[in-house]
> 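Here it is, the structure in full.
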Amino acid sequence: MATDSWALAVDEQEAAAESLSNLHLKEEKIKPDANGAVVKPSANAEKTDEEEKEDRAAQSLLNKLIRSNLVDNTNQVEVLQRDPNSPLYSVKSFEELRLKPQLLQGVYAMGFNRPSKIQENALPLMLAEPPQNLIAQSQSGTGKTAAFVLAMLSQVEPANKYPQCLCLSPTYELALQTGKVIEQMGKFYPALKLAYAVRGNKLERGQKISEQIVIGTPGTVLDWCSKLKFIDPKKIKVFVLDEADVMIATQGHQDQSIRIQRMLPRNCQMLLFSATFEDSVWKFAQKVVPDPNVIKLKREEETLDTIKQYYVLCSSRDEKFQALCNLYGAITIAQAMIFCHTRKTASWLAAELSKEGHQVALLSGEMMVEQRAAVIERFREGKEKVLVTTNVCARGIDVEQVSVVINFDLPVDKDGNPDNETYLHRIGRTGRFGKRGLAVNMVDSKHSMNILNRIQEHFNKKIERLDTDDLDEIEKIAN
DNA sequence: AAAAAAT
């Protein structure tokens, strides 16, 4: 894929990051000590025996907490076709799909050998002639992104220098992440270009863009299609809604998403993907998508089997903070995300943690986009171990080393009711692609205990108490 | 309440 200025900037950042991390590896080279035991010199150089002991305790705590069943791949896929008479089939290999050679090359270059469960069923429908509309629900980390990127890339005509595929994401960070997948998978199309319709990406007025694929957030995309006329929506062939439930929910980005959708041509293919669809949203989805095919991965609660869930009982925000500090040694063994309800709490918590001498990163919607891009990049590279954030990072953000999610505030909607979908998405940031994960919920009142109990009932999955003052009890619970 | 816009 030809790189535009934005993509080039990303490439340069990556190259710089790579050389930095190589340097880091050299410094950290593991070598045996005098007794033949292998230690990481830089990790223990300035630590006292006491601190080392704490480190070991934290490591063993983490290992016990996240020990869990391996992924059970027995999830069943349910497929409802818009034409029940046409043959139902799934593919077991990418070759069967007869993709263009450049696309197949891109698929293999990304390390995909065979389709995932959702891809087996979704790809034949999406690539059928004529193109089919699809509403698909499957858990976090099952390959939804690759599925719809493949659909866009197989429909696109690189020779036509105007936007033909449009993908909407709920946040800036997710748009960047998905854009990277599009760039990687499409890199063997020499003439293909991708445009990012996100905040801060300002273009010169008065001309159309030539990129064949556009990824973006709703507000900017709407502007590009209507007021600024950078995009001719009538020429869009494939329209993708990622995290579709929040994109069409009244509480979410419904207005803008639907306004964009109405500008598209009648025969435009519509693809809706999400891990969750609350009942009312599911009904609305089937109303706005003409003749949809529907794919559901049964037993959504299976997701939770690879994630150990706990709660910590406190009586105030300050106590939650203390409990979090007690846990800190354990959570920083790998990477962790800490979710707060408001931007204000997030920035307060990040400040308090750094006052305690902990290195943390902060990410919320009140920050400038340049800053947000830099923070998420540092977190991805592992330069930041702990990310304090809001619901901006609840969905889709995929950082492999994240093994701990902490709900400093439980997810609630605007009426103060438990937000089960957001809960599932948040803790789904860990335990991705079959890895194990740990979720810790901080409770600070009768009210939030009630919220937690309702979440527990909704998923019918025990959330156990964790006492961060008592290491013995932690061990006991972990066993 | 958060996110999302060149308003």
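So that the names make sense, note that chain A is the first sequence line, chain B the second, and so on, each numbered from 1.
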> Once you round it to whole Å, what is the distance between C1' of B:dA2 and OH of A:Y172?
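It works out to 18 Å between those atoms.
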> Considering every strand and a 4.0 Å limit on heavy-atom distances, what is the contact class for A:L222: base, sugar-phosphate, or nothing?
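Counting heavy atoms under 4.0 Å across all strands, no contact is made by A:L222.
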> The side chain of A:W224 lies closest to which of these nucleotides: B:dA6, B:dA4, B:dA2?
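That would be B:dA6.
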> A:R343 CZ to B:dA1 P: how many Å, rounded?
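Rounded to the whole Å, the gap is 12 Å.
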> Contact class for A:F230 (heavy atom, under 4.0 Å): base, sugar-phosphate, or nothing?
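A:F230: base contact, heavy atoms under 4.0 Å.
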> Mind calculating the distance between NE2 (A:H425) and C1' (B:dA3) to the nearest angstrom?
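Rounded to the whole Å, the gap is 15 Å.
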> Atom CG of A:N391 to atom P of B:dA1: distance rounded to whole Å?
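For the pair A:N391 CG and B:dA1 P, the rounded distance is 13 Å.
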> Go through it in stages, so that I can follow the logic: the residues are A:E278 and A:T276, the test is side-chain hydrogen bond (donor to acceptor under 3.5 Å, both in side chains), and I'd like the CA-CA distance, side-chain angles, deciding distance and then a yes or no.
CA-CA 6 Å; A:E278 185 253 324; A:T276 54; over 6 Å; no
> Between A:D245 (CG) and B:dA2 (P), how many Å, whole number?
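Distance, rounded to whole Å: 19 Å.
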> Can you list every pair that meets ring pair (Phe, Tyr, Trp, His ring centres under 6.0 Å) and has a residue in residues 144-171 of chain A, with sequence neighbours left out?
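For residues 144-171 of chain A, and leaving out neighbouring residues, the ring pair (Phe, Tyr, Trp, His ring centres under 6.0 Å) pairs sorted by first residue read A:F148-A:F273.
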> Measure from the side chain of A:T171, starting at C-beta and using heavy atoms only, and say which of B:dA1, B:dA6, B:dA3 lies closest.
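Of all the options, the side chain of A:T171 is nearest to B:dA3.
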> Only pairs at least two apart or in different chains count here, so list each side-chain hydrogen bond (donor to acceptor under 3.5 Å, both in side chains) that has a residue in residues 319-328 of chain A.
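Output for this query lists A:S315-A:E319, A:K320-A:D409, A:K320-A:D444, A:N326-A:D469.
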> Stepwise, does the salt bridge (Lys or Arg N to Asp or Glu O under 4.0 Å) test hold for A:K355 with A:E352?
CA-CA 5 Å; A:K355 267 189 220 159; A:E352 288 298 310; 3.0 Å; yes
> Which nucleotide, B:dA4, B:dA6, B:dA3, lies nearest any side-chain atom of A:P218?
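Output: B:dA4.
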> Any base atoms under 4.0 Å from A:R372, or only sugar-phosphate, or nothing? Heavy atoms, all strands.
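Contact class for A:R372: sugar-phosphate only.
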> For B:dA4 and A:R199 - does any side-chain N or O of the residue sit under 4.0 Å from the phosphate oxygens OP1/OP2?
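So the side chain of A:R199 is within the cut-off, an N or O lying under 4.0 Å from OP1 or OP2 of B:dA4.
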> Hey, is A:D245 close enough to A:R395 for a salt bridge, meaning N to O under 4.0 Å?
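Result for this pair is yes, salt bridge flagged.
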> Check whether any side-chain nitrogen or oxygen of A:S364 sits under 4.0 Å from OP1 or OP2 of B:dA2, and answer yes or no.
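A:S364 to B:dA2 OP1/OP2: no side-chain N or O under 4.0 Å.
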> Without decimals, in angstroms, what is the distance between A:D413 CG and B:dA3 C1'?
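Taking CG of A:D413 and C1' of B:dA3, I get 15 Å after rounding.
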> Quickly work out the A:I258 CD1 to B:dA4 P distance and round it to whole Å.
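One finds 19 Å between P of B:dA4 and CD1 of A:I258, rounded.
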> Rounded to the Å, how far apart are A:I376 CD1 and B:dA3 P?
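Interatomic distance, CD1 of A:I376 to P of B:dA3: 13 Å.
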